[in-house]
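Remarks on the structure that follows.
What you see is a predicted model; the values in this text were computed from it and never measured. Numbering starts at 1 and runs along the sequence shown.
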Amino acid sequence: MQLSAAPLIYILIFVAVLVLVEGLYLTVFGKSISLNNRVSRRLALLEKSGNREKVLEQLRKEMGQHMKAGGIPLYSILATKAQKANIAFSPQQLIMIMAGLAVFSFLGLTIGTDADPAVRALIAVAMGVGGVYTWVARKAKKRMDLMEEQLPDAVELMVRSLRVGHPFSSAIGIVSREVADPLGTEFGIIADEAAYGRDVSESLKEFAERMDSQDLRFLAVAVTIQQTSGGNLAEILHGLAQVIRARFKLFRRVRAITAEAKWSGMFLSAFPIGALIMIQIIQPNYYDDVKDTASFIPAALVVGVLLVINVIFMKVMVNIKV
């Protein structure tokens with residue numbers, strides 16, 4: 001039995017692309033850019049430079065650069081996720097990284113496979129763009145999940161600060177120092193903007209819209225209503241923290257209940273692709289008798305379209321909204 005290593009080479013090159021972009025990100029921006037770091041990035045930058053205004057300018061630039069570049073051709077599909085992930089690379093740098101990873105993939109495919117140059121170039125471009133998109137999407141999901149988990153504790157910390165007599169801007173500053181990223185840096189930016197004269201409710205609204213988070217919108221609305229109509233902000237935020245925590249528990253329960261269906265959907269979506277890869281590895285000559293016929297290419301295209309439709313429908317069926 002003749003084995004083919006080509007499919008494994010494709011997979012290894014794609015994994016190498018993901019590792020390279022993550023390594024480059026940590027190398028350029030340091031450990032403070034990682035969400036696993038206990039010290040928020042804002043505090044790390046302040047400790048390094050000591051210039052509060054310069055740090056605020058840098059962080060604000062990173063916050064809005066991706067949505068402003070949404071008009072770049074084909075970049076719009078990445079802009080929203082890059083914004084939620086708060087990728088510090090500029091859009092131009094991300095595009096250059098895609099090009100560099102495509103060249104790396106092409107060289108790897110040239111060394112490891114015997115595919116035609118046109119096929120290698122097409123796969124290399126797909127790996128460069130797809131690798132960066134996958135990396136950004138994972139970053140965005142991880143950041144949003146951490147933010148949802150941190151928000152109830154952050155709101156309760158603000159409640160305790162307000163109850164001992166601190167003003168709301170000081171309560172936000174305490175959150176920025178005591179809470180790790182991603183909320184630590186985000187609330188630190190809001191605290192710095194308030195120190196330079198911007199209304200806190202406007203900063204919270206902008207933050208909520210940028211993250212597209214319903215819980216953050218609740219927080220922004222609660223603060224805006226209290227500033228307009230008055231009331232006990234500590235009690236309002238205490239009730240909001242309970243609501244956010246209850247929503248978070250509900251989402252976790254729904255996620256647990258639907259986990260079997262989601263895994264079934266992922267398995268049914270991945271199984272045909274996995275079967276094709278295994279056939280190419282175990283029996284690379286499996287299609288030799290039919291690949292030169294006139295109906296092979298149309299049949300392969302039909303199968304490809306059906307696989308895409310299968311993935312889309314499976315995703316729709318298991319994507320349960322609460």
**Report entry** Residue pair Leu56, Tyr196: steps toward the side chain to side chain contact (heavy atoms under 4.5 Å, CB included) verdict
**Finding:** CA-CA 10 Å; Leu56 176 61; Tyr196 286 108; 3.7 Å; yes
Query - Residues Phe218, Val155; criterion side chain to side chain contact (heavy atoms under 4.5 Å, CB included); working and verdict - result: CA-CA 11 Å; Phe218 290 157; Val155 174; over 6 Å; no
4.5 Å side-chain heavy-atom contact, [X] and [Y]:
{"X": "Met211", "Y": "Met144", "value": "yes"}
{"X": "Val254", "Y": "Phe251", "value": "no"}
{"X": "Met147", "Y": "Leu216", "value": "yes"}
{"X": "Phe207", "Y": "Leu183", "value": "yes"}
{"X": "Phe29", "Y": "Arg41", "value": "yes"}
{"X": "Arg253", "Y": "Ile257", "value": "yes"}

State, to 0.1 Å, how close [X] and [Y] come at their nearest heavy-atom pair, and which atoms those are.
{"X": "Val132", "Y": "Leu94", "value": "CG1-CD2, 4.0 Å"}
{"X": "Val175", "Y": "Ala154", "value": "CG2-O, 3.6 Å"}
{"X": "Leu162", "Y": "Pro167", "value": "CD2-C, 4.0 Å"}
{"X": "Arg52", "Y": "Ala195", "value": "NH2-CB, 3.4 Å"}
{"X": "Ala102", "Y": "Val125", "value": "CB-CA, 4.1 Å"}
{"X": "Pro272", "Y": "Leu307", "value": "CB-CD2, 3.3 Å"}

Report task. Look at Asp192 together with Arg42 and state whether they make a salt bridge at an N to O cut-off of under 4.0 Å. Result -> yes
Query raised in the report: Any Lys/Arg nitrogen of Arg163 or Glu235 sitting under 4.0 Å from an Asp/Glu carboxylate oxygen of the other?
Result: yes
[X] side chain to [Y] main-chain N or O, any donor-acceptor pair under 3.5 Å?
{"X": "Thr224", "Y": "Ala220", "answer": "yes"}
{"X": "His66", "Y": "Phe89", "answer": "yes"}
{"X": "Glu149", "Y": "Phe248", "answer": "no"}
{"X": "Gln150", "Y": "Ala180", "answer": "yes"}
{"X": "Asp199", "Y": "Ser201", "answer": "yes"}

Quick check on [X]: does its [atom1] atom have over 12 non-hydrogen neighbours (other residues, nucleotides or ligands) under 6.0 Å away?
{"X": "Arg198", "atom1": "CZ", "result": "yes"}
{"X": "Lys139", "atom1": "NZ", "result": "yes"}
{"X": "Arg138", "atom1": "CZ", "result": "no"}
{"X": "Glu57", "atom1": "CD", "result": "no"}
{"X": "Glu53", "atom1": "CD", "result": "no"}
{"X": "Gln227", "atom1": "CD", "result": "yes"}
{"X": "Met266", "atom1": "CE", "result": "yes"}
{"X": "Phe271", "atom1": "CZ", "result": "no"}

**Report entry** With Gln58, the side chain to side chain contact (heavy atoms under 4.5 Å, CB included) member among Arg60, Glu62, Lys54
**Finding:** Glu62
Report task. Please test Lys141 against Lys84 for side chain to side chain contact (heavy atoms under 4.5 Å, CB included), starting from the C-alpha separation and ending with a verdict. Result -> CA-CA 8 Å; Lys141 185 178 185 306; Lys84 291 182 179 180; over 6 Å; no
Is there a path of hydrophobic side-chain contacts, each under 4.5 Å between heavy atoms of I, L, V, M, F, W or Y residues, that connects [X] with [Y]?
{"X": "Leu101", "Y": "Phe106", "answer": "no"}
{"X": "Leu59", "Y": "Phe187", "answer": "no"}
{"X": "Tyr25", "Y": "Phe104", "answer": "yes"}
{"X": "Leu240", "Y": "Ile174", "answer": "yes"}
{"X": "Val129", "Y": "Tyr10", "answer": "yes"}

With rounding to the nearest 0.5 Å, note down the distance linking [atom1] in [X] to [atom2] in [Y].
{"X": "Arg247", "Y": "Glu148", "atom1": "CZ", "atom2": "CD", "answer": "8.5 Å"}
{"X": "Ile297", "Y": "Lys291", "atom1": "CD1", "atom2": "NZ", "answer": "10.5 Å"}
{"X": "Ile13", "Y": "Ile123", "atom1": "CD1", "atom2": "CD1", "answer": "9.0 Å"}
{"X": "Glu202", "Y": "Ile190", "atom1": "CD", "atom2": "CD1", "answer": "12.0 Å"}
{"X": "Leu233", "Y": "Gln226", "atom1": "CG", "atom2": "CD", "answer": "4.5 Å"}
{"X": "Met127", "Y": "Thr134", "atom1": "CE", "atom2": "OG1", "answer": "11.0 Å"}

Query raised in the report: Are Asp153 and Arg245 close enough, and set up right, to give a side chain to side chain contact (heavy atoms under 4.5 Å, CB included), and what steps lead you there?
Result: CA-CA 9 Å; Asp153 294 332; Arg245 197 176 295 279; 2.9 Å; yes
Query raised in the report: Are a donor atom and an acceptor atom from the side chains of Thr110 and Arg120 found within less than 3.5 Å of each other?
Result: yes
